[in-house]
K.L.:
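Can you read through this structure? Questions will come right after.
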Amino acid sequence: MASTAGPNSTDGREGRPTLTVVGATGAVGAVLRDLLSTRLDVYGEIRLVASPRSAGRTLTVRGEPSEVVPLGPEVFDGADIAIFAVPPPVAAEWAPVAAARGTVVVDASPVFRTSPGVPLVVPEVNPERVRDRPRGIIASPGCPTLSMIVAIGALHHRYGLRELVVSSYQAASGAGRSGIETLYAQMEKVGGDRALGNRAGDVRGAVGEFGPFPAPLAMNVVPWTGSLGADGWTSDELGIRDETRKVLRLPALKVAATCVRVPVTKAHSLSVHAVFGDRVEQREAQAILAGSPGVVLCDNPESHEFPTPADVVGTDPTWAGRVRCSLDDPKALELFLCGDSLRKGAALNAAQIAELIATEL
C-alpha cells in the first residue's frame with residue numbers, strides 16, 4: 001500500500017488508503033464529497049483534483065478544508081485509488097496515466113465501460129469483479145443502467161433474465177449541469193404563459209435556446225438522450241443494452257431501450273418489461289425486491305403508492321413500484337423504477353466500488 005501521509009491526514013487515519021478525486025468541483029464531484037463525509041471513513045488522505053481553472057479553491061470534505069489542486073501526473077503519486085468524475089476525453093487521457101503509476105482507477109465516464117480487461121461493476125450485483133482488473137481500471141455503468149440494474153439483478157438471480165424492453169425517462173441532470181440550468185431557464189420563460197402548449201411550435205418559440213437538448217424540455221418530452229449511434233439508436237440506448245449484458249454476464253441478452261428526456265431535474269425513471277426463464281409470481285417478486293440491498297419497494301396500488309422522481313431525488317436506493325405480472329406471458333414482469341441520477345446513478349456507485357477496493361488493499 002502506498003504512503004498515506006498528507007495534508008488531510010488526522011490521528012487514526014494513518015495506514016489507510018489514499019484517495020484522489022478527479023473532477024472534485026463538478027456536479028458528481030460535489031455529491032462524492034458529500035458521500036465521503038457521511039459514509040464509512042476508510043481513507044487516510046483525500047486529494048481533491050480538478051482542471052487548472054478550478055485549482056486553488058478550498059472545499060470541505062469530511063468536515064475539513066482541502067485545497068483543490070490541478071490535474072497532473074503528480075496527483076497520483078502515492079495514491080491508492082482514484083475516482084474519475086470527469087468528461088470522457090479527460091478520463092481517456094488521464095485514467096491510464098493514473099493506472100500506470102500504480103493507482104487503481106474507478107472511472108464514472110463511458111470511456112472504458114465496454115473495454116476488454118476493464119470490469120464493469122455494481123457492488124450489489126457483481127462485487128467480485130473488482131479483483132479482476134488487469135488494466136488497473138474499473139468502470140461504473142451509466143446512470144440509466146444504474147437506475148435499474150440493482151433491482152433487475154436481484155430478479156435475475158431468482159428467475160433467470162432472458163429479455164428486457166425498457167423505456168427510460170431521464171432527468172435534465174443526465175446532460176450535466178448545463179442541462180439542469182437550461183431546464184430552469186426554459187421553465188421561467190414558459191411558466192407564466194397559460195396560452196403556451198396549445199399550438200404546434202409555440203413552446204419552441206418561447207424557450208429560445210435549447211441548450212444541450214435537441215428540442216425544448218420545458219412542457220415537453222424529448223425522445224432522445226446521448227449521441228447518435230448505429231442504425232438510429234442513441235448512445236444511451238446502446239449503453240443500457242451493452243452495460244446490462246456485461247454486468248449480468250449475459251452476452252446474448254435481448255435488450256431494447258428507448259431513452260426519453262423529461263422535465264425533471266435529477267432523478268431518472270424507467271418502465272421495464274422483463275422476461276425470465278422461470279414463471280414469475282407477483283408477491284414473490286415484490287418480496288425479492290423488498291429484501292434486496294440498495295432497493296426500496298414502494299408498491300401499494302390501493303393507496304396510490306409508487307415511486308416518482310420528485311419523491312426519490314436526493315436518496316441513494318433504487319425505488320421499485322407498479323410490480324405486475326404480465327397479462328400475456330407468465331414468465332414476464334412489468335415494473336417502474338426510479339433513482340437519483342447523481343447518487344446511485346453516478347457518485348454513489350463509484351464510491352462503493354472504491355470502498356470495495358480499499359478493503360482489500
K.L.:
Measure from the side-chain N and O atoms of Arg261 to the backbone N and O of Ala171, and report whether any donor-acceptor pair falls under 3.5 Å.
P.N.:
yes
K.L.:
Do Asp77 and Arg101 come within less than 4.5 Å of each other through their side chains, counting heavy atoms only?
P.N.:
yes
K.L.:
Any side-chain donor-acceptor pair under 3.5 Å between Asp242 and Thr114?
P.N.:
no
K.L.:
Would you find a donor on one side and an acceptor on the other, under 3.5 Å apart, between the side chain of Gln186 and the backbone of Ala218?
P.N.:
yes
K.L.:
Quick one: does any side-chain atom of Ser235 pair with a main-chain N or O of Gly229 as donor and acceptor, under 3.5 Å?
P.N.:
no
K.L.:
Atom NZ of Lys254 and atom CZ of Arg162: how far apart are they, to the nearest 0.5 Å?
P.N.:
11.0 Å
K.L.:
For Phe112, give me all partners under ring-ring contact (aromatic ring centres under 6.0 Å, His included), at least two apart in sequence or on another chain.
P.N.:
none
K.L.:
Do the charged groups of Asp316 and Arg343 touch, with an N to O distance under 4.0 Å?
P.N.:
yes
K.L.:
Apply the side chain to side chain donor-acceptor pair (under 3.5 Å) test between Lys344 and each candidate in Thr318, Thr315, Asn349; give the one that qualifies.
P.N.:
Asn349
K.L.:
Under the 3.5 angstrom rule, does the side chain of Arg158 hit a backbone N or O of Leu155 as a donor-acceptor pair?
P.N.:
no
K.L.:
Would you say the side-chain atoms of Gln352 pair up with the backbone N or O of Val122, donor to acceptor, closer than 3.5 Å?
P.N.:
no
K.L.:
Using a 4.5 Å cut-off between side-chain heavy atoms of Ile, Leu, Val, Met, Phe, Trp and Tyr, which other residues end up in the same hydrophobic cluster as Val312?
P.N.:
Val296, Trp319
K.L.:
Closer than 3.5 angstrom, by distance alone: can the side chain of Arg33 be matched with the main-chain N or O of Arg62 as a donor-acceptor pair?
P.N.:
no
K.L.:
Any side-chain to backbone donor/acceptor pair from Asp107 onto Pro88? Under 3.5 Å, distance only.
P.N.:
no
K.L.:
Backbone N or O of Glu237 within a donor-acceptor pair of the Arg241 side chain at under 3.5 Å?
P.N.:
no
K.L.:
Should the heavy atoms of other residues, nucleotides or ligands under 6.0 Å from CZ of Arg322 be counted, would the total exceed 12?
P.N.:
no
K.L.:
With a 4.0 Å cut-off on N to O distance, would you call Arg16 and Asp80 a salt bridge?
P.N.:
no
K.L.:
Taking everything shown except Lys246 itself, do over 12 heavy atoms lie less than 6.0 Å from its NZ?
P.N.:
yes
K.L.:
Does a side chain donor of either Asp236 or Thr234 reach within less than 3.5 Å of an acceptor in the other side chain?
P.N.:
no
K.L.:
Between Lys189 and Val207 (side chain of the first, backbone of the second, donor and acceptor by atom type, cut-off under 3.5 Å), is there such a pair?
P.N.:
yes
K.L.:
Name all residues meeting the ring-ring contact (aromatic ring centres under 6.0 Å, His included) criterion together with Phe76; count only those two or more places apart in sequence or in a different chain, and write none if there are none.
P.N.:
Phe84
K.L.:
Counting only heavy atoms not in Tyr184, do more than 12 fall under 6.0 Å of its OH?
P.N.:
no
K.L.:
What about Val104 and Val75, same hydrophobic cluster or not, with Ile/Leu/Val/Met/Phe/Trp/Tyr joined at side-chain heavy-atom distances under 4.5 Å?
P.N.:
no
